[in-house]
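Quick notes on the structure that follows.
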Protein chains: 2
Amino acid sequence: MRKVAVLAEDVHCSNCTLNGLCLPVGIPEKDVARLDALVNQRVRAEKGATLFRAGDDVRAIYAIRSGSIKTQLEDAGGHVQITGFFLPGELIGMDGLLSYAQLSHAIALEDTEVCVIGVEDMNDLASRIPSLHQQLQRLMSREIQRSHKLLMSLGALRSDQRLAAFLLNLSQRLALLGYSATRFVLRMSREEIGNYLGLTIETVSRIFSRFARANLIQVNQRDVCLIDLPALGQLAGLGCPAPARV
Amino acid sequence: MRKVAVLAEDVHCSNCTLNGLCLPVGIPEKDVARLDALVNQRVRAEKGATLFRAGDDVRAIYAIRSGSIKTQLEDAGGHVQITGFFLPGELIGMDGLLSYAQLSHAIALEDTEVCVIGVEDMNDLASRIPSLHQQLQRLMSREIQRSHKLLMSLGALRSDQRLAAFLLNLSQRLALLGYSATRFVLRMSREEIGNYLGLTIETVSRIFSRFARANLIQVNQRDVCLIDLPALGQLAGLGCPAPARV
DNA sequence: CGCTGGCTTGATGCTGTTCAATTACTGTGG
DNA sequence: CCACAGTAATTGAACAGCATCAAGCCAGCG
């Protein structure tokens, strides 16, 4: 089994380079120091390791420090639906907060480090720092909006539109982290992309190739370079006057 | 424009027939009386009327007393994705609670009465009645799970499986309300069902007919009678060992 | 150097969409 | 109350988009 190991070194929000993008967003500097107490450990998850499983008690939420994570649902019949890919500075495990049990599984796409934020302590602190309370609500609300977007994508978009939207979304989030918005390496397989978008692996591959032929992107395996961002944006839905299917 | 009218009469949770299915679930009887103060008005929404719109301030959440409501998302291009159909005893507006702005639009499918629950008062009370606080979390968590189910359905199921799951879900919820689990009237149009399930109106209609031919249901316009519940359940995904598409 | 797993590409067929015509309802005004 | 218009639902035929099946390719790795 893939390992999840606890790391010794103590890194804190107040000295973390991601703190402008992560939990501390919107929290006054003087209070950020108080967050340090929450991050009581960091954990390294090897590629393929499961960070938590649906049904687990929610003892913590997790902030990604480096690497990337996918979250997925699993139904009774064993069918998997990937619900998100998460990058550094993003938090996972939020959806389970309200139910005290995790709703999804979280699996590392590559070797990944996460900060573990105990919920007990966090709730305590949130009740004393209003801006933290607000930030938590913002984050949960963002989660809901994420799933709404995915819903709309699955319900309304054609396969190429879905992939375009997917690539643009990744691009924007990577740009926020200071990486190139146009050139990046996909951390997930074609199969994972396909599952996430409700498509088969072959369809995903074909659309990548079609985009490349149309000079919208360059692609070589997991290496992607977005060439024509405007055209991709148009495809993703910001252009045409609604593609039928009222 | 369709009217939303405020009603005068004062109905309270403590004397409401739906109180075993609605907000008061899990709240000790002595505290239920305190909920009465929250339900400061009831509102009648005519068929087609909009109860709230995405972006509206969240001043209240709404409990359906009679009738039915659909909620839908709308994207920049004007495309609509219906995200749920709600029956008496169910609460809407929960998804906006965290963001202080409604995320969806809520529209009455028929003449509908709702209880208006002011969020300010509610939050106040929730901080004093732990079981209310818990119940609110449970309800929000249920909302998230609902959208997860829809996600899985859109991502993984074939059209007939989606419709079967849809019918069974309705059946169960109607049964909870004391109505027949096998015979009911659809409050929503084929178009609305199609939109919800990511299908066209023609496909929905054809599947209804196909189900009827296979003696799984009887259907006459919006009148539906479920004949073979087990077979429908099997279709909906509880049977087969996962229909491909890993 | 050959093996493995992930990716690409092609041929084919099914599922669901689109377009179009018909029928069934609903509501409105005479 | 009936006739009418407008809307909702059904059905058919042709088509498109995506899945499926089946090879072959490429990169990384023992």
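Both backbone and side-chain heavy atoms feed into the values below; hydrogens, waters and symmetry mates do not. Note that the structure is a prediction, hence the values are computed from the model and not measured. Sequence lines set the chain letters: A, B, ... in the order given, protein chains first and strands last, and positions in each chain run from 1.
Taking only side-chain nitrogens and oxygens, B:Arg222 never comes nearer than 4.0 Å to OP1 or OP2 of D:dA8. In terms of phosphate contacts, B:Thr200 brings a side-chain nitrogen or oxygen within less than 4.0 Å of OP1 or OP2 of C:dT17. The phosphate of D:dG17 (OP1 or OP2) has no side-chain N or O of A:Thr203 nearer than 4.0 angstrom.
Sorted by first and then second residue, the ring pair (Phe, Tyr, Trp, His ring centres under 6.0 Å) pairs with a member in residues 55-76 of chain B read B:Phe52-B:Tyr62; sequence neighbours excluded. Applying the ring pair (Phe, Tyr, Trp, His ring centres under 6.0 Å) test to pairs two or more places apart or on separate chains, none has a residue in residues 215-236 of chain B. For the salt bridge (Lys or Arg N to Asp or Glu O under 4.0 Å) condition, the pairs that include at least one residue of residues 139-148 of chain A, sequence neighbours left out, are A:Glu143-A:Arg146. Screening residues 62-72 of chain A for salt bridge (Lys or Arg N to Asp or Glu O under 4.0 Å) gives A:Lys70-A:Glu192 as the qualifying pairs, with residues at least two apart or on separate chains.
The listed nucleotides are D:dA8, C:dG16, D:dA19; the one nearest the side chain of B:Leu199 is C:dG16. Of the candidates D:dT10, C:dT17, D:dC18, the closest approach to any side-chain atom of B:Arg190 belongs to D:dT10.
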**OP:** May I have the step-by-step check of side-chain contact (heavy atoms from CB on, under 4.5 Å) for B:Gln81 and B:Asp75, ending in yes or no?
**Re:** CA-CA 8 Å; B:Gln81 172 70 45; B:Asp75 71 9; over 6 Å; no
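Using a 4.0 Å heavy-atom distance criterion, B:Ser205 is classed as a base contact.
Between its two ends, the helix from C:dC1-D:dG30 to C:dG30-D:dC1 turns its axis by 30°, counting five pairs per end and rounding to 10 degrees.
The salt bridge (Lys or Arg N to Asp or Glu O under 4.0 Å) search around A:Arg173 returns A:Glu90, not counting sequence neighbours. Applying the salt bridge (Lys or Arg N to Asp or Glu O under 4.0 Å) criterion to A:Arg187, with sequence neighbours excluded, gives A:Glu110. Every residue was checked against the salt bridge (Lys or Arg N to Asp or Glu O under 4.0 Å) condition with A:Glu74, not counting sequence neighbours, and none meets it.
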Expected rows: protein N/O vs nucleotides 21-29 of chain D N/O, under 3.5 Å:
unit_1, atom_1, unit_2, atom_2, d
D:dC21, N4, A:Glu202, OE2, 3.2

